[in-house]
**Q** 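Just dropping this structure here.
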Amino acid sequence: MSDTIQLRRYTPTQAALMQKRPSDLIQAVESTVDAMSAALMQSAAEFIIQGTTLLTSRLLPKQQAKKAVEHFDVDVMVDVVSADWAKWTTQTKEAFQRAYEAPRQQTSAAARLRVERLSLLQAAFGFTVQDLASVLGITRPQLYKWLDVAIDVKLQESSRVRMAAVERIAKEWMARSVAPLSSVSKEPLEAGGTAFTLMSAEAINDAAVIAAFDELAVKLQGQPKTRSQRLREAGFTRRVSARSLPSDE
Amino acid sequence: MTSTALGTWRKPPLAYVVAELAISPYYSMQSKIPGLQDKLRSSFPRTLEGQEIVVDGGKPTPQPLWQLISADQKLGVQIGTRAISFHATTYSQSSDFLSRWAEVLDAIQEASLGAFVERAALRYIDLIVPTEEKSPSDYLAPGLKGIEPEDGRSTGSMLASAFQFDGGVVNLRASAPAPQGLLLPPDFAALPLNKPGVMLDAEKQLKAEKTIGFVDTACVREIGKVFDAGELLGSFSEMQKLTSKTFKAATSEAAKGEWM
Amino acid sequence: MAFGDDVAQRGWQTGSVLLPAMLPALAQHLTRPGQEPTQILEGDWLVVVSQTCDVVARKFEAEPLVEVLHCRTHGGKPRKQYRDLQSTRQLDFRPDRIAYPDLVLTAHAIADRYVIPRDVLIGHEPDAGRSLDAAASQKVLAWYALRAGRPSWPNAFCDRVKTVREALEAALDDLSDEVAEVRIGILEKDEELVAEEPYHVAIYFVVDEDVWNEGVELRQQINSAFNKFVAELDACDGVEVDQELSEVTPGNKFSWQDTKLTDLWDFANLSHRD
């Protein structure tokens with residue numbers, strides 16, 4: 001035994017195999033199996049039968065050997081060969097899939113805080129993702145990335161400033177109403193425009209937005225009751241759903 | 001050089017904010033700096049090296065200090081063998097400040113320092129720059145005004161209180177008027193960041209030999225755990241609420257009317 | 001006295017437990033063809049699971065049989081995958097939190113279900129010391145309703161979603177039915193798609209109107225849950241969430257039409273692939 005660590009040496013084929021991703025290997029085998037011509041499969045099967053016949057004739061008495069190979073059938077053997085490869089790819093795929101089902105990457109503190117801030121904006125305004133994206137000055141797909149806690153997004157300075165500005169006006173709305181803004185955000189204002197257009201402007205005019213909020217908070221109070229509110233006020237109650245029964249944990 | 005107003009109030013008095021972690025002595029911090037620098041470079045591209053004198057019972061010893069500064073010089077991270085802190089002279093919302101601090105915390109987490117955090121502290125320095133006809137003490141809550149002996153005029157006052165909350169201790173120091181020439185609290189070690197507007201106004205006031213004041217609100221919480229970015233951020237969120245509550249209790253209605 | 005009145009007077013209803021003394025007479029009804037007779041052990045409960053109105057139906061001929069469920073004792077806590085209607089096959093539940101605070105029973109929806117002649121009830125009263133409390137009775141009935149009434153999702157869809165089941169459950173941990181309901185529209189709801197073809201879904205968190213109008217904190221929790229749920233489902237291989245259609249919406253804005261086009265999200269719908 002040597003005193004020094006021995007280097008491992010690989011042939012080019014082995015090295016190439018080592019570097020391939022498992023999914024590539026599986027795909028390669030699958031496509032090989034698919035591409036294997038019927039003739040090739042037949043040859044493989046016949047080879048196996050010939051080999052087995054030779055082996056049994058050497059190992060077993062003549063009569064027994066003859067009986068052993070009587071049941072060998074080329075068609076059956078073709079199925080066995082292709083089934084074996086298929087079995088390997090299936091099993092390997094499943095094992096790979098299981099390993100792949102690891103939880104998505106650990107979330108960072110900054111990402112969790114970012115999503116928490118956005119959830120509060122969603123709660124304050126009740127906007128659709130598209131509308132909230134407009135107010136934040138970004139695209140909808142961008143906002144979906146921001147809302148995904150598993151994605152570490154580095155916000156540009158302009159985005160930080162905009163989010164802080166939107167949070168500022170969210171506080172103003174929440175100081176005036178516990179209901180979300182969405183149901184009245186596109187109502188025409190006395191001064192013209194809507195709260196939504198004011199909030200989506202390139203530069204948010206805080207004074208104009210606050211004045212709009214004052215107007216809309218009053219409007220919200222005066223909205224007619226919904227059917228379900230009228231039902232509840234008349235004394236109708238909900239059936240308790242099964243999922244609201246106490247947990248058996 | 002542009003100055004900024006900190007906070008969302010109409011005329012905010014906030015001049016400086018620091019979030020700090022006091023850590024157990026970390027002698028190999030020097031070896032971790034390259035990695036931290038790489039992770040924070042995009043937000044803090046400028047690095048300054050320095051030293052701090054540490055007195056740990058025996059002889060005072062110099063310890064290295066690294067200051068990573070943002071390009072606009074309004075934000076900075078200071079890393080030493082006994083503390084890591086985040087400084088700001090720009091502050092729009094507490095959530096924005098905390099999210100920037102969270103990025104620093106995440107970078108430290110990824111660098112796997114494994115530092116033991118003894119304490120966390122969040123400190124706000126607000127400057128009182130009185131408008132005409134007002135004195136600095138007019139901006140403090142009645143309980144902090146101090147006495148007015150007949151024919152006497154206050155030229156400097158400092159009141160210190162400590163308030164125990166469930167989530168930590170808030171140390172409050174209110175100085176109004178601040179002793180002549182004193183712009184910031186005496187034991188306050190600031191980074192070389194751009195001065196915000198209120199600080200420039202305060203300096204002008206001092207130059208004109210007029211009085212100013214300051215309110216120094218610091219929440220301290222014992223941590224006693226190995227560094228965990230998520231947990232620490234949660235602590236700072238709670239500490240922010242306590243400092244805000246204390247500051248609002250320390251200021252007069254007239255101050256709120258003028259600042260908010 | 002009418003037959004049903006007699007049964008009612010004795011106290012028989014959903015959740016009633018048959019006395020051990022009744023078991024010998026019921027042996028033949030608890031035996032399946034070609035199998036050994038079912039052993040009802042001492043700690044087991046044989047529980048009436050027919051609706052009370054059927055148990056006490058006036059005429060015998062209207063309801064000649066009563067359904068009973070053989071519930072066995074389960075040592076330990078209810079298993080996560082079988083409690084709270086997570087599985088349509090097996091149910092672990094607490095029968096009576098006050099009288100039997102530590103007792104957990106378990107039953108299979110079909111293998112442990114039997115029918116017995118209703119006239120057996122005339123000769124006896126239910127077990128005075130054991131019965132399902134109201135919550136447990138409701139749970140068992142809801143479990144059967146779920147099994148029968150759940151929408152049939154494609155097996156391929158269920159298999160794909162199972163890979164992120166835990167993450168989806170975690171996202172919905174703090175969401176109670178009284179506050180918001182999760183609904184899913186599946187574009188290819190009747191198709192078994194091959195691996196290369198994704199399922200396209202729309203997700204709705206339908207929020208109670210009062211919560212929508214009066215609770216910022218609760219709304220924030222719901223939005224947070226929605227964001228997590230959608231992100232996890234969209235990250236699932238073979239499932240694509242239509243982000244434009246999906247949203248959190250108040251209940252008074254989610255119409256009858258919308259309910260017809262969507263299913264109630266239920267983890268139990270995935271359990272049939274276990």
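In what follows, chains carry the letters A, B, and so on, assigned in the order in which the sequence lines appear, proteins first and then strands, with residues in each chain numbered from 1. Just so it is clear, the model here is predicted, and its values are computed rather than measured.
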**Q** Does CD in A/Glu233 sit with more than 12 non-hydrogen atoms of other residues, nucleotides or ligands closer than 6.0 Å?
**A**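 Enclosed: over 12 neighbouring heavy atoms sit under 6.0 Å from CD of A/Glu233.
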**Q** So which atom in A/Glu167 and which in B/Ser95 form the shortest heavy-atom distance, rounded to 0.1 Å?
**A**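 For A/Glu167 versus B/Ser95, the nearest heavy atoms are OE1-OG, 2.7 Å.
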**Q** Side chain from CB out, backbone as N, CA, C, O: work out which of these in B/Leu233 comes under 4.5 Å of a heavy atom of chain A, or both, or neither.
**A**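 Only the side chain of B/Leu233 comes within 4.5 Å of chain A.
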**Q** Checking B/Asp96 against chain A: side chain, backbone, both or neither under 4.5 Å from a heavy atom?
**A**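 Both backbone and side chain.
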**Q** Please say whether more than 12 non-hydrogen atoms of neighbouring residues, nucleotides or ligands are located less than 6.0 Å from NZ in A/Lys154.
**A**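 Atom NZ in A/Lys154 is crowded, with more than 12 foreign heavy atoms closer than 6.0 Å.
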**Q** Within a radius of less than 6.0 Å around CD of A/Gln229, do more than 12 heavy atoms belonging to other residues, nucleotides or ligands occur?
**A**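 Atom CD in A/Gln229 is packed in, count exceeds 12.
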**Q** Less than 4.5 Å to any heavy atom of chain B: does that hold for the side chain of A/Glu157, its backbone, both, or neither?
**A**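 For A/Glu157, side-chain heavy atoms alone lie under 4.5 Å from chain B.
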**Q** Crowded around B/Lys11 NZ? As in, over 12 foreign heavy atoms under 6.0 Å?
**A**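 Yes.
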**Q** Check whether B/Ser42 gets within reach of chain A through its side chain, its backbone, both or neither, counting any heavy atom under 4.5 Å.
**A**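 The answer is the side chain of B/Ser42.
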**Q** B/Ser99 and A/Arg117: side-chain donor and acceptor closer than 3.5 Å?
**A**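 Side-chain D/A pair, B/Ser99 to A/Arg117: present.
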**Q** For A/Arg160, which atoms come within 4.5 Å of any heavy atom of chain B: side chain, backbone, both, or neither?
**A**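 Both the backbone and the side chain of A/Arg160 come within 4.5 Å of chain B.
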**Q** Got a second to check how far A/Ser108's OG is from B/Glu110's CD, nearest 0.5 Å?
**A**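 If I round to the nearest 0.5 Å, the distance is 7.5 Å.
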**Q** Closest heavy-atom contact between A/Ala110 and B/Asp106?
**A**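 Here A/Ala110 and B/Asp106 meet closest at N-OD2, 2.7 Å.
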**Q** Step by step, work out the side chain to side chain contact (heavy atoms under 4.5 Å, CB included) result for B/Gln93 and A/Met163.
**A** CA-CA 10 Å; B/Gln93 289 271 352; A/Met163 200 193 296; over 6 Å; no
**Q** If you count heavy atoms of other groups shown closer than 6.0 angstrom to NZ of B/Lys245, is the number above 12?
**A**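 No, NZ of B/Lys245 has 12 or fewer neighbouring heavy atoms, counting only those of other groups under 6.0 Å.
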**Q** List the atom of B/Ala102, the atom of A/Ala109, and the distance in Å for their closest heavy-atom pair.
**A**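 Shortest heavy-atom contact: CB-C, 4.2 Å.
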**Q** Supply the atom-to-atom distance B/Glu103 CD to A/Leu155 CG, rounded to the nearest 0.5 angstrom.
**A**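 Going from CD on B/Glu103 over to CG on A/Leu155, the span is 7.0 Å.
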**Q** Does NZ in A/Lys145 sit with more than 12 non-hydrogen atoms of other residues, nucleotides or ligands closer than 6.0 Å?
**A**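 Open.
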**Q** Does any backbone or side-chain atom of B/Leu98 lie under 4.5 Å from a heavy atom of chain A? Answer side chain, backbone, both or neither.
**A**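 Both parts, heavy atoms under 4.5 Å.
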